[in-house]
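Worksheet: one structure, shown below.
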Amino acid sequence: MTPLTVGLILLSQLAQVAGQVLLKHGMSQVGKTPRRAGPLLWGLGGGIALLTAWFGLWMGLMQKLDLSQLYPFTGLSPVLMVLAAGLFLRERADWRTWLGVALITAGTVLVAFSVPAGSH
Amino acid sequence: MNLNGLLERSERGADGTMGRFMTTATKPPSVWYLNPYFHLGLNCVLMAASELLLKVGATEQSGIAAPEWLKGTGLTTLGSWWTIGGIAVYILAFVNWLYVLRWIALNLAYLVTSSVQVLIALGAWLLLGEEISRLRWGGIALITAGILFCAQSSSRAEEKL
């Protein structure tokens, strides 16, 4: 795996996390008065654009790499998501959340290693 | 750098106070079919169903006669109603996800969607006849335990409010 490939994998994960943060930011405007369409549209538009970028990058990576190589990296996204939600949305995470994240990541990596080598 | 802080500041007037008409709907509707946690569960089921439908569609279309480059784009899989159904369910799941985000914190909602991996594995095992190794069952158990910890953490946070 070249540094470029690892960089692309990380970029795709970051795009996914940023996309979800924007979607959440947009949707949290709903129901507020006075109505402001700006943040809602920017959140939804930006979120959908970033998630589309993530999807494209991920499909490209899946064509080049074995699923068993690529899939362990998906274990990163819960960690990044909780960090980003704390940083940008001020969502709190206590030790139970982090223990849960650690278990989910470990489980995802185990599932990834159970994918037979050579499958796409 | 706190994005939310910046955004909140920009929402306030020049004197730093919230506008007179600034109210926020803080409680979700109480009827069960609009309950956000019901929709979060529904989202996981829809995402898993969509993946399984797409898998059936892709498998069904893999044997058809078409140039390799065209197959490489994945467009040939659109010839199957299974694929069309999978895409329709996927779009439904996205709309449903937006409703979930309206009410539930992103960290909890996203972590709960890890259960899609468990549901896909169970669906592939029960419906598509795929085998699940002992290693994969172990991973499934860890993910499930992790989601339970996250959910417990969130319910305690809500109790304090």
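Per chain, numbering begins at 1; letters A, B, ... match sequence-line order.
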Query - Option that, when pairs with chain B are counted at under 4.5 Å, heavy atom only, ranks first among A:Ala85, A:Ala102, A:Ser77, A:Gly26 - result: A:Ser77
**Report entry** In one Ile/Leu/Val/Met/Phe/Trp/Tyr side-chain cluster, 4.5 Å: B:Leu34, B:Trp103
**Finding:** yes
Query raised in the report: In terms of heavy-atom proximity below 4.5 Å to chain A, should B:Ile104 be classed as side chain, backbone, both, or neither?
Result: backbone
Query raised in the report: For A:Leu110 and B:Gly138, which heavy atoms make the closest approach, and how far apart are they?
Result: CD1-C, 3.9 Å
Requested in this report: Among A:Leu103, A:Thr108, A:Thr105, find the residue that satisfies the side-chain contact (heavy atoms from CB on, under 4.5 Å) test when tested with B:Ile143.
Outcome: A:Thr108
Report summary line: Heavy atoms of B:Arg102 and A:Gly31 approach each other most closely as NH2-CA, 3.8 Å
Report summary line: Expected contact set for residues 90-97 of chain B against chain A at heavy-atom separation under 4.5 Å reads B:Phe94, B:Trp97
Query raised in the report: Is any side-chain heavy atom of A:Thr97 less than 4.5 Å from a side-chain heavy atom of B:Leu111?
Result: yes
Query - chain B contact via A:Thr74 - side chain, backbone, both or neither, heavy atoms under 4.5 Å - result: neither
Query raised in the report: Nearest 0.5 Å, what's the CG-CG distance between A:Leu99 and B:Leu148?
Result: 11.0 Å
Query - Proximity breakdown for A:Leu83 and chain B, heavy-atom pairs closer than 4.5 Å - result: neither
Query raised in the report: Is it the case that one hydrophobic cluster holds both A:Val30 and A:Ile48, taking links as side-chain heavy atoms less than 4.5 Å apart, direct or via other members?
Result: yes
Query raised in the report: Can you hop from A:Phe55 to A:Leu44 via hydrophobic side chains spaced under 4.5 Å?
Result: yes
Requested in this report: Tell me whether B:Trp69 is reachable from B:Leu75 by hopping between hydrophobic residues (I, L, V, M, F, W, Y) whose side-chain heavy atoms are closer than 4.5 Å.
Outcome: no
Query raised in the report: Side chain, backbone, both or neither: which part of A:Val109 has a non-hydrogen atom closer than 4.5 Å to chain B?
Result: neither
Report task. Determine the minimum heavy-atom distance between B:Cys150 and A:Gly100, stating which atoms define it. Result -> SG-CA, 3.7 Å
Query raised in the report: Should B:Gln117 and A:Tyr71 be marked as a side-chain contact (heavy atoms from CB on, under 4.5 Å) after you check the CA-CA gap, both sets of side-chain angles, and the distance that decides it?
Result: CA-CA 12 Å; B:Gln117 296 183 58; A:Tyr71 205 83; 3.2 Å; yes
Query raised in the report: Counting only heavy atoms not in B:Phe38, do more than 12 fall under 6.0 Å of its CZ?
Result: yes
**Report entry** Any donor-acceptor N/O pair, A:Gln20 side chain to B:Leu106 backbone, under 3.5 Å
**Finding:** no
**Report entry** Shared hydrophobic cluster, B:Val45 / B:Val56 (ILVMFWY, side-chain heavy atoms < 4.5 Å)
**Finding:** no
